[in-house]
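Pasting a structure here, questions to come.
Counting starts at 1 for both ligands and their atoms, in listed order. Note that the coordinates shown come from a computational prediction; the quantities given were computed from them, not determined experimentally. For the single chain, residues carry numbers from 1 onward in sequence order.
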Amino acid sequence: MPLHTQVDESSQDEGLEVNPVYVRELSCEIPRYRLPAHGVLPRTALQVVRDELILDGNARLNLATFVTTWMEPEAEQLMAECAAKNMIDKDEYPQTAELERRCVNILSSLWHAPAGGQAAGCSTTGSSEACMLGGMALLWRWRARRTAAGLDAARPNLVMGSNVQVCWEKFCRYWQVEPRYVPMVPGRLHLRGAEAAARCDENTIGVVAIMGSTMDGSYEPVLEISHALDRLQSEQGHDVPIHVDGASGGFVAPFLQPDLEWDFRVPRVASINASGHKYGLVYPGVGWVLWRNPDALPDDLVFRVNYLGGEMPTFALNFSRPGAQVAAQYYNFVRLGHEGYRHVQQTCQDIALHLSGEIAKMGPFELLTEGRDLPVFAFKLCDDVTSYSVFDLSERLRMRGWQVPAYTFPADLTEMAVIRIVVRNGFSLDLANLLLEDLRRQVQVLEHHPQTQPPPDIQQQRQSFKH
Ligand SMILES: Cc1ncc(COP(=O)(O)O)c(C=O)c1O
């Protein structure tokens with residue numbers, strides 16, 4: 001979360017302007033940065049807070065996020081009913097714990113965990129926490145192996161593409177692991193097997209493969225990476241496990257690409273994470289991480305909490321957490337079933353392919369991806385378009401309410417600026433066609449009114465989109 005700084009003393013008491021029509025109390029003073037001396041009636045508080053939020057974007061028009069922005073009323077009702085439940089209180093809410101257990105089992109079979117009940121997993125606040133847990137397990141395993149062999153365990157590294165989500169940079173910084181980024185180059189926009197294996201050595205705790213890349217929605221070839229690591233092992237002896245960051249793809253590939261081998265079918269895959277709140281179709285606040293077997297999850301990372309007179313193993317960075325999202329995840333599994341999930345993801349993909357196909361035909365754009373892996377695609381301006389940028393286009397689309405991010409790629413393609421569109425459940429074909437109309441109109445405007453360069457500080461802000 002943004003790190004907020006303390007507001008200057010002189011503006012501490014600057015009060016909110018409250019419309020007198022809202023106020024039933026005799027007086028109503030609400031300082032902005034201090035706790036008010038007295039409360040107000042619930043309706044006044046509701047109106048004041050709602051007014052503050054008017055300027056937030058419309059979540060349904062947010063094509064930047066991977067995170068769920070629409071759930072059906074029954075799911076919302078269930079979440080409201082479960083709002084008071086704390087996920088950590090296993091004793092008090094044993095049935096919520098049971099729903100979490102069922103979800104882990106459903107995912108372990110979707111991700112082809114080996115038969116025999118050896119896989120283990122848990123819910124998290126999202127993929128960032130799940131990746132942190134997956135990374136810790138890799139680190140602990142590597143350290144235990146090195147220490148047992150009497151070898152130096154001071155310089156761990158993790159190999160991944162420079163296109164990884166920022167959570168992996170965080171993991172490396174917080175746990176003092178050297179990040180070994182494989183740069184992107186024209187024509188290779190994500191990690192491939194040979195480049196991954198070339199950066200591994202005896203200090204490599206693992207390789208992260210992404211399903212799919214936050215930058216352009218493409219899947220990294222897990223099986224190819226695994227084969228390259230098999231060769232590395234036979235030639236140099238380093239046995240390097242893979243963690244699959246399936247933040248989005250963990251809930252897409254099982255339904256749209258069932259024959260693609262990216263999960264526990266690949267023996268080198270030790271662990272997988274996914275965001276329940278992305279293509280798992282739940283509102284923000286739930287992720288999942290699973291390990292293939294007990295070897296992949298060192299026991300000394302596991303804490304045991306009291307549970308119905310016994311003890312329950314847990315692995316988490318935080319303690320209290322809302323239970324509603326887990327109930328909603330289970331609701332989705334029951335409500336949609338395999339066929340329902342397939343239908344939802346297929347509809348998203350059809351719309352993504354329709355959009356990318358039409359955008360390719362417009363003329364000024366070149367597609368980097370079409371949306372054939374995740375229902376996500378990225379495109380850039382053709383090299384001969386110089387009178388406006390993707391940032392200009394993104395800003396103009398915002399005038400109609402569309403939130404379509406423009407951003408630059410990571411190393412070594414930092415000069416490449418693109419627009420990315422994430423198609424999610426709730427973004428209909430009608431909305432897609434309206435977006436296409438607006439895109440055509442804004443291109444016309446920009447072609448007739450070439451843009452001037454904004455001042456450097458505005459340029460900097462435009463490029464600061466974070467995934
Ligand atoms: C590949 C990948 N990994 C991890 C994350 C972090 O996910 P979360 O927002 O669930 O913490 C994202 C988010 O977009 C992602 O795309």
Side-chain angles (χ1 to χ4, degrees), residues 1-2 59 62-69 103 107 111 121-136 138 158-174 179 181-182 184 189-191 206-222 225 242-253 262-263 269 271-290 316-318 321-322 325-326 328-329 348 369 371 373-378 403 405 407 409-410 418 420-424 465-467:
M1 292 301 109
N62 181 353
L63 300 180
T65 184
F66 287 80
V67 175
T68 301
T69 45
C103 289
L107 288 173
W111 297 343
C122 57
S123 66
T124 60
T125 49
S127 276
S128 299
E129 186 189 6
C131 292
M132 205 66 74
L133 302 184
M136 284 166 71
L138 294 177
L158 182 67
V159 172
M160 55 203 155
S162 63
N163 53 313
V164 286
Q165 210 262 356
V166 67
C167 66
W168 290 105
E169 192 183 331
K170 273 191 198 169
F171 166 77
C172 287
R173 196 171 316 162
Y174 294 168
Y181 296 116
V182 177
M184 300 162 99
L189 300 184
H190 56 222
L191 189 66
V207 169
V208 176
I210 318 170
M211 294 279 296
S213 173
T214 319
M215 300 289 151
D216 63 2
S218 62
Y219 290 158
E220 292 188 335
V222 177
I225 293 170
I242 295 175
H243 173 90
V244 177
D245 178 354
S248 298
F251 280 97
V252 174
W262 63 275
D263 51 15
V269 171
S271 44
I272 301 174
N273 71 274
S275 298
H277 57 215
K278 293 190 175 113
Y279 287 94
L281 309 177
V282 179
Y283 283 143
V286 64
W288 301 95
V289 55
L290 265 69
L317 293 182
N318 55 323
R321 234 189 64 214
Q325 278 79 355
V326 169
Q329 183 76 76
C348 291
T369 43
D373 292 343
L374 295 180
V376 172
F377 64 96
Q403 298 157 59
Y407 57 95
F409 262 41
V418 307
R420 184 194 67 197
I421 291 186
V422 178
V423 179
R424 296 183 314 277
F465 170 75
K466 290 279 175 291
H467 305 278

In terms of relative ring orientation, are Tyr407 and Phe409 parallel, tilted or perpendicular, with 30° and 60° separating the classes?
parallel

Does any N or O of ligand 1 fall below 3.5 Å from an N or O anywhere on Asp245, backbone included?
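Yes: some nitrogen or oxygen of Asp245 is under 3.5 Å from one in ligand 1.
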
Enumerate the atoms of ligand 1 whose separation from the nearest heavy atom of Cys167 is less than 4.0 angstrom.
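Numbered from 1, ligand 1 contributes 4 (C).
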
Side chain to side chain donor-acceptor pair (under 3.5 Å) partners of Asp263, counting only residues at least two apart
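So Asp263 forms a side chain to side chain donor-acceptor pair (under 3.5 Å) with His112, Arg265.
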
Under 4.0 Å to a heavy atom of Ile210 - the qualifying atoms of ligand 1, by number:
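So the atoms of ligand 1 that pass are 1 (C).
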
Could you tell me which atoms of ligand 1, counted from 1 in the order shown, lie closer than 4.0 angstrom to a heavy atom of Thr214?
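Reading through ligand 1 atom by atom, the close ones are 1 (C), 2 (C), 15 (C), 16 (O).
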
Checking the N or O distance criterion of under 3.5 Å, is ligand 1 in contact with Ser275?
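It does: an N or O of Ser275 is found under 3.5 Å from an N or O of ligand 1.
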
So, do Val376 and Arg420 sit near enough that their side-chain heavy atoms are less than 4.5 Å apart?
yes

Quick one: look at Ser128 and ligand 1, take heavy-atom pairs under 4.0 Å, and tell me if it's side chain, backbone, both or neither.
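The answer is both, backbone and side chain.
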
Residue pair His190, Ser213: steps toward the side-chain hydrogen bond (donor to acceptor under 3.5 Å, both in side chains) verdict
CA-CA 7 Å; His190 56 222; Ser213 173; 5.9 Å; no

Side chain to side chain donor-acceptor pair (under 3.5 Å) against Thr65, all qualifying residues, sequence neighbours excluded
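With neighbours one apart ignored, the set is empty.
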
Winner among Lys278, Met132, His277 once heavy atoms are compared against atom 7 (O) of ligand 1:
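The option holding the nearest heavy atom is Lys278.
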
Between the side chains of Asn273 and Ser127, is a donor N or O closer than 3.5 angstrom to an acceptor N or O?
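Result is yes, a qualifying pair exists.
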
